[in-house]
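The chain is numbered in sequence order, starting from 1.
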Amino acid sequence: MVNSKILILDSYHEYEKGNHCQICTTHRTFRYLLIILVFWSVLMIISDLSKLPLNPRKKRQCTPGENVIFLKTHKTGSTTVANIMYRYSISNRLKVALPRCGHRFCFPLKFKHNFLYKHTENETYNMLFHHAVYDKQNMLKIFDKGQTKLVTILREPYSQFDSAAQYLKFRKYYKLNGTLPVLDELFKLSNKELEKYIRSQKFDGFGTYSLTKNPNAFDMGFDPWNETNEYINRILKTIENDFNLIMITEYMEESLILLKNELCWNIKDVAFFHHNARLTKDVNTNNLKKAKSRLMNWNKIDVAIYNYFNQTFWRRIENSGSNFKQDVEKLKRLNNLLKITCSSQQNSETTATKAILKSDFDIVQNITELCFNLLIEEQNFTNYLKQAKDKKL
């Protein structure tokens with residue numbers, strides 16, 4: 001009996017000892033996990049702190065871009081953007097490269113220094129925003145020292161061509177005397193016949209022939225007739241390397257917020273009214289689907305350029321931060337306020353909007369002057385800039 005009790009006690013002690021060891025092991029494991037968790041948390045805090053500026057009171061600041069080449073493309077809303085460039089140039093007293101030939105740099109010839117209005121040797125500029133056929137080296141040579149940003153704008157190829165047909169007077173220059181809408185008459189010609197006709201023209205002062213075949217490629221200084229895959233890929237790489245921003249006409253507000261961010265400007269700098277838009281739109285085809293298909297086949301380079309940079313455009317927006325959408329809505333609101341303020345009828349509503357423009361957008365300049373500059377057309381502001389230059393000479 002005694003032996004049995006001793007056996008039971010021994011068994012109990014062994015059990016207690018084993019159970020105690022298990023508890024110790026569990027405690028040790030828990031402590032290790034706790035140490036690892038604390039260590040990991042400290043590392044994450046250090047990592048987050050390293051991303052903060054050294055002085056938390058100072059926000060990261062950028063320097064407003066003053067050297068800007070805006071390459072105007074035809075029938076893309078580029079005159080609207082040029083008005084923005086004009087206003088920024090006068091409000092910041094920047095030197096603008098002006099065209100000798102009217103309001104275009106002797107288009108359709110590729111840009112040269114002798115196309116500049118009253119240009120003197122070694123004279124340099126801050127901005128260029130009139131129509132010119134792109135020549136990177138010749139353009140950059142006339143700019144002040146420092147980084148020069150290059151910007152342009154693209155439009156969906158068919159809508160651009162449809163607008164050009166009316167503006168560039170296709171019916172007149174291609175002698176389209178039939179009763180069909182202009183694009184249906186034009187596309188009666190095969191691609192080869194159309195090419196032969198265009199190449200046979202010895203003079204193209206208005207630019208109609210140059211802008212019928214891949215007009216964006218032509219404005220950017222490329223050969224519009226070389227549509228091999230190899231050459232198109234080379235074009236895409238060159239544009240991507242040369243230009244800091246490619247805007248898209250169909251998304252003007254989004255484009256201008258990207259421009260604001262790229263140039264480190266303010267929202268009020270990119271406020272705009274639409275310019276040079278068609279007052280009336282002709283019906284240019286009876287078969288939209290067929291006309292679009294023909295155009296996509298006719299202007300393969302421009303289609304490739306638009307498709308590629310439309311994709312990069314949206315990727316850029318995705319990476320623009322949480323304030324991007326707010327800025328777009330803010331710009332839309334600013335434009336609406338300016339439309340009310342700049343209306344011909346001055347009333348209590350316009351008085352109220354002036355106060356909002358001052359409090360919400362820091363617009364303190366003379367409103368009459370601002371409205372005048374928002375509304376001024378390209379030929380008028382070109383003449384104004386030329387007169388201002390004449391006074392300095």
Side-chain angles (χ1 to χ4, degrees), residues 64-146 148-153 167-168 204-207 210-211 219 221 259 263 265 269-277 342 365-366 368-393:
E66 293 189 342
N67 283 6
V68 184
I69 294 173
F70 172 59
L71 186 72
K72 283 194 73 180
T73 45
H74 287 79
K75 307 314 298 174
T76 59
S78 62
T79 302
T80 297
V81 182
N83 177 273
I84 291 171
M85 298 290 170
Y86 159 72
R87 296 197 325 266
Y88 193 85
S89 73
I90 59 173
S91 62
N92 291 277
R93 298 182 180 181
L94 301 177
K95 298 172 291 183
V96 179
L98 297 168
R100 176 171 60 83
C101 309
H103 66 286
R104 301 194 291 184
F105 284 98
C106 303
F107 191 87
L109 301 175
K110 189 168 280 194
F111 180 84
K112 293 180 181 178
H113 295 169
N114 61 349
F115 296 166
L116 290 159
Y117 180 75
K118 295 187 177 180
H119 175 67
T120 58
E121 190 176 0
N122 298 322
E123 186 177 5
T124 57
Y125 307 91
N126 302 113
M127 303 189 87
L128 186 155
F129 47 78
H130 289 80
H131 276 299
V133 179
Y134 181 58
D135 187 311
K136 181 181 179 181
Q137 297 306 320
N138 275 336
M139 287 180 172
L140 290 178
K141 283 178 182 177
I142 61 168
F143 270 72
D144 277 1
K145 291 181 180 180
T148 298
K149 297 288 184 80
L150 277 79
V151 179
T152 191
I153 188 167
Y167 177 78
L168 296 173
D204 188 21
F206 194 55
S210 300
L211 297 171
D219 279 334
L259 179 70
L263 300 179
W265 290 0
D269 296 323
V270 296
F272 69 96
F273 291 166
H274 286 286
H275 284 267
N276 211 21
C342 297
Q365 69 189 91
N366 184 297
T368 303
E369 181 183 352
L370 174 60
C371 291
F372 176 81
N373 287 328
L374 278 162
L375 292 163
I376 192 171
E377 295 299 337
E378 183 179 27
Q379 292 194 13
N380 291 331
F381 74 61
T382 302
N383 291 336
Y384 168 79
L385 290 171
K386 286 182 177 180
Q387 290 168 8
K389 182 164 186 175
D390 289 343
K391 291 178 182 179
K392 292 180 181 180
L393 295 177

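With hydrogens and angles ignored, the 3.5 Å screen pairs no side-chain donor or acceptor of R100 with any backbone N or O of C106. The closest donor-acceptor contact from the side chain of S210 to the backbone of G207 lies at 3.5 Å or more, if one exists at all. Within the 3.5 Å criterion, the main-chain N or O of H113 finds no donor-acceptor partner in the side chain of H119. A donor-acceptor pair under 3.5 Å is formed between the side chain of W265 and the backbone N or O of G65. Between the side chain of N92 and the backbone N or O of L94 there is no donor-acceptor pair closer than 3.5 Å.
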Pair N126, V96 - check side-chain contact (heavy atoms from CB on, under 4.5 Å), show working. CA-CA 6 Å; N126 302 113; V96 179; over 6 Å; no
Start with the C-alpha distance between I142 and L116, add both sets of side-chain angles, then the distance that settles side-chain contact (heavy atoms from CB on, under 4.5 Å), and finish with yes or no. CA-CA 10 Å; I142 61 168; L116 290 159; 4.0 Å; yes
Could you check Y86 against L385 for side-chain contact (heavy atoms from CB on, under 4.5 Å), going step by step and ending with a plain yes or no? CA-CA 9 Å; Y86 159 72; L385 290 171; 3.8 Å; yes
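Evaluation of the side chain to side chain contact (heavy atoms under 4.5 Å, CB included) rule for A132 yields F105, F111, M139 as partners, not counting sequence neighbours. Scored by the salt bridge (charged side-chain N to carboxylate O under 4.0 Å, His left out) test, K75 finds no partners at all (sequence neighbours excluded). With sequence neighbours left out, D204 forms a salt bridge (charged side-chain N to carboxylate O under 4.0 Å, His left out) with no residue at all. Residues forming a ring pair (Phe, Tyr, Trp, His ring centres under 6.0 Å) with F273 (at least two apart in sequence, or on another chain): none. Partners of E369 by salt bridge (charged side-chain N to carboxylate O under 4.0 Å, His left out), not counting sequence neighbours: none found. With sequence neighbours excluded, no residue satisfies salt bridge (charged side-chain N to carboxylate O under 4.0 Å, His left out) with E66. Not counting sequence neighbours, the partners of H274 by the ring pair (Phe, Tyr, Trp, His ring centres under 6.0 Å) test are F272. Under the ring pair (Phe, Tyr, Trp, His ring centres under 6.0 Å) criterion, F115 pairs with no residue at all, not counting sequence neighbours. Looking at residues two or more places apart in sequence or on another chain, you find no ring pair (Phe, Tyr, Trp, His ring centres under 6.0 Å) involving F143.
Between C101 atom SG and L109 atom CG the span is 8.0 Å, to the nearest 0.5 Å. Taken to the nearest 0.5 Å, the CG atom of N138 stands 9.5 Å off from the CG atom of N114. Between S89 atom OG and L128 atom CG the span is 11.5 Å, to the nearest 0.5 Å.
Within the structure, every pair that satisfies the side-chain hydrogen bond (donor to acceptor under 3.5 Å, both in side chains) test and touches residues 102-112, not counting sequence neighbours, is listed here: H74-R104. For residues 384-393, every residue pair satisfying the side-chain hydrogen bond (donor to acceptor under 3.5 Å, both in side chains) rule, not counting sequence neighbours, is listed here: Y117-D390, K118-D390, E123-K389, Y125-K389. Each salt bridge (Lys or Arg N to Asp or Glu O under 4.0 Å) pair with one or both residues in residues 133-142, not counting sequence neighbours, appears once here: K136-D242.
The two residues D219 and T73 have their closest heavy-atom pair at OD2-CA, 3.4 Å. Heavy-atom minimum distance, F129 versus F381: CE1-CE1, 3.7 Å. Closest of all the heavy-atom pairs between I153 and S78 is CG2-CB, 3.9 Å. Closest approach of H130 and A97 over heavy atoms only: ND1-O, 4.2 Å. Here the closest non-hydrogen pair linking L71 and T152 is O-OG1, 2.7 Å.
Annotation for F372: atom CZ does not count as buried by contact number, only 12 or fewer foreign heavy atoms lying within 6.0 Å.
The shortest distance between side-chain heavy atoms of L259 and L263 falls below 4.5 Å. Between T124 and K95 there is a side-chain heavy-atom pair separated by less than 4.5 Å. Inter-residue side-chain proximity for L374 and C342 is flagged as met; some heavy-atom pair is nearer than 4.5 Å. Contact of the P64 side chain with the Y88 side chain is registered, since non-hydrogen atoms from C-beta on lie closer than 4.5 Å. Considering only heavy atoms from C-beta on, L375 stays 4.5 Å or farther from N83 through its side chain. Taking the side chain as every heavy atom from C-beta outward, V68 and T148 never approach each other to under 4.5 Å. Put simply, the side chain of L140 reaches to within 4.5 Å of the side chain of L150, judged on heavy atoms. When side chains are defined from C-beta on, K149 does not count as touching I69, because their heavy atoms never get closer than 4.5 Å.
Under 3.5 Å, the side chains of N67 and D144 contain no donor-acceptor pair of N or O atoms. Under the 3.5 Å distance criterion, with hydrogens and angles disregarded, a donor-acceptor pair is assigned to the side chains of E377 and H275.
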